[in-house]
Amino acid sequence: MQTVERLNSVLNGINIAPTDEQLAKLSAYFDMVVDKNKQFNLTAITEPDDFVVKHYEDTLFGASEFPKDARVLDIGCGGGFPCVPLAIIRPDLTIVGLDATAKKVAFVGGSAKALELDNLTTVAGRAEEKRDMFGTFDVVTARAVSSLPILLELAAPMLKVGGIFVAYKTDESELEQSKNAVRLLNLRFERSKVGTLSNGERRAILVFKKIGETPKQYPRQYGTIKKKPL
Ligand code: SAH
């Protein structure tokens with residue numbers, strides 16, 4: 001199938017050599033998303049070549065930043081990005097996909113079962129309200145959820161001290177406006193991985209480390225986080 005060949009060559013371009021089984025799972029997930037998308041909106045991207053680049057190449061460009069065997073939380077996983085491609089390509093990771101919209105989470109969880117992805121589970125709810133999950137993750141990640149200062153406040157409480165937040169962004173431009181949040185939340189900007197996708201679009205993976213406990217007043221309620229970002 002043409003899409004699988006294209007997928008393979010695009011992933012080779014970002015130093016990933018998927019097995020036939022991994023390619024088959026990525027391809028099957030594409031079919032599942034496109035099919036479910038007829039019932040409710042999961043993505044605006046359904047054309048195969050676009051999907052390969054904007055969902056798979058994009059989310060897997062960041063795969064190199066996840067430490068081996070890490071326990072990972074994907075905040076606002078939506079239609080399963082980056083959590084599903086990551087779970088397929090990185091079986092060493094144990095991933096939880098979290099989203100405020102229950103039906104998206106049900107779709108991602110059901111798909112993970114159908115694809116026999118034992119390393120991916122899902123939870124419905126809002127990140128700032130899931131107190132039972134605070135302090136339990138080695139890595140938190142998020143793509144296309146909100147601005148960086150807001151994301152940092154959602155991510156920091158979820159991390160263990162020493163854990164990292166991996167943010168999917170277009171470029172490094174939000175770093176400047178996030179300095180206050182980084183300081184107040186006991187984070188430290190560690191590094192970024194900057195690159196260009198096959199379609200010429202720029203991508204930046206920004207990595208922050210939790211260097212101390214998150215002060216008790218964070219996270220605030222979502223209304224306040226949004227209205228008065230740190
Ligand atoms: N990460 C996916 C989806 C992005 S759309 C992708 O890259 O394609 C943003 C998603 O974030 C939505 O599904 C929304 O329900 C979810 N979301 C926004 N704020 C959230 C919060 N505070 N907690 C959990 N999910 C949230």
Side-chain angles (χ1 to χ4, degrees), residues 26 29-30 32-34 36-37 39-47 50-63 65-66 72-89 93 95-112 120-134 136-137 139-159 165-171 174 181 185 197 199 201-206 214 218-230:
L26 290 168
Y29 190 62
F30 163 69
M32 290 174 192
V33 172
V34 169
K36 196 49 135 186
N37 219 32
Q39 281 170 40
F40 61 86
N41 185 39
L42 286 170
T43 178
I45 299 156
T46 53
E47 195 277 316
D50 258 9
F51 199 100
V52 164
V53 175
K54 293 186 178 174
H55 284 322
Y56 287 155
E57 184 184 15
D58 185 22
T59 57
L60 291 171
F61 173 69
E65 303 313 298
F66 293 72
V72 179
L73 176 69
D74 180 8
I75 294 180
C77 68
F81 303 100
C83 64
V84 172
L86 266 183
I88 293 172
I89 291 295
L93 302 175
I95 310 178
V96 178
L98 172 71
D99 202 282
T101 305
K103 63 183 178 182
K104 290 186 183 175
V105 159
F107 165 71
V108 174
S111 303
L120 174 61
T121 53
T122 53
V123 174
R126 303 199 58 90
E128 68 279 11
E129 293 171 0
K130 286 278 165 197
R131 297 198 162 264
D132 57 322
M133 294 163 82
F134 285 4
T136 63
F137 293 93
V139 184
V140 172
T141 191
R143 185 185 80 154
V145 175
S146 70
S147 69
L148 196 50
I150 293 176
L151 280 178
L152 292 171
E153 186 166 348
L154 298 180
M158 292 290 190
L159 288 169
F165 174 49
V166 177
Y168 282 81
K169 289 288 172 185
T170 311
D171 52 41
E174 288 180 64
L185 294 163
L197 302 183
N199 62 4
E201 283 179 27
R202 292 166 65 202
R203 280 295 174 268
I205 308 294
L206 310 178
T214 306
Y218 306 118
R220 298 163 296 164
Q221 287 194 334
Y222 197 68
T224 314
I225 297 177
K226 229 180 143 127
K227 220 161 91 193
K228 294 186 175 179
L230 294 174

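Values in this document were obtained by computation on a predicted structure and should not be read as measured data. Counting starts at 1 for both ligands and their atoms, following the listed order.
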Taking only distance into account, with no hydrogens and no angle test, what donor-acceptor pairs under 3.5 Å do side-chain atoms of residues 98-112 form with protein atoms, sequence neighbours excluded?
from: D99; atom 1: OD1; to: T101; atom 2: N; distance (Å): 2.9
from: D99; atom 1: OD2; to: C77; atom 2: N; distance (Å): 3.3
from: D99; atom 1: OD2; to: G78; atom 2: N; distance (Å): 2.8
from: S111; atom 1: OG; to: F107; atom 2: O; distance (Å): 2.8

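- A side chain to side chain donor-acceptor pair (under 3.5 Å) check over residues 121-133, counting only residues at least two apart or in different chains, returns the pairs R126-E128.
- Protein residues with a heavy atom under 4.0 Å from ligand 1 are G76, C77, G78, F81, D99, A100, T101, K104, G125, R126, A127, E128, R143, A144, V145, L154, Y222.
- Y56 places a side-chain N or O within donor-acceptor distance of the main-chain N or O of L26, the cut-off being under 3.5 Å.
- With T46 contributing its side chain and V34 its backbone, the two residues share no donor-acceptor pair below 3.5 Å.
- Exactly one of K36, K54, H55 qualifies for a side-chain hydrogen bond (donor to acceptor under 3.5 Å, both in side chains) with T43. That residue is H55.
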Show me the donor-acceptor pairs, under 3.5 Å and distance only, between side chains in residues 223-230 and residues at least two apart or in other chains.
none

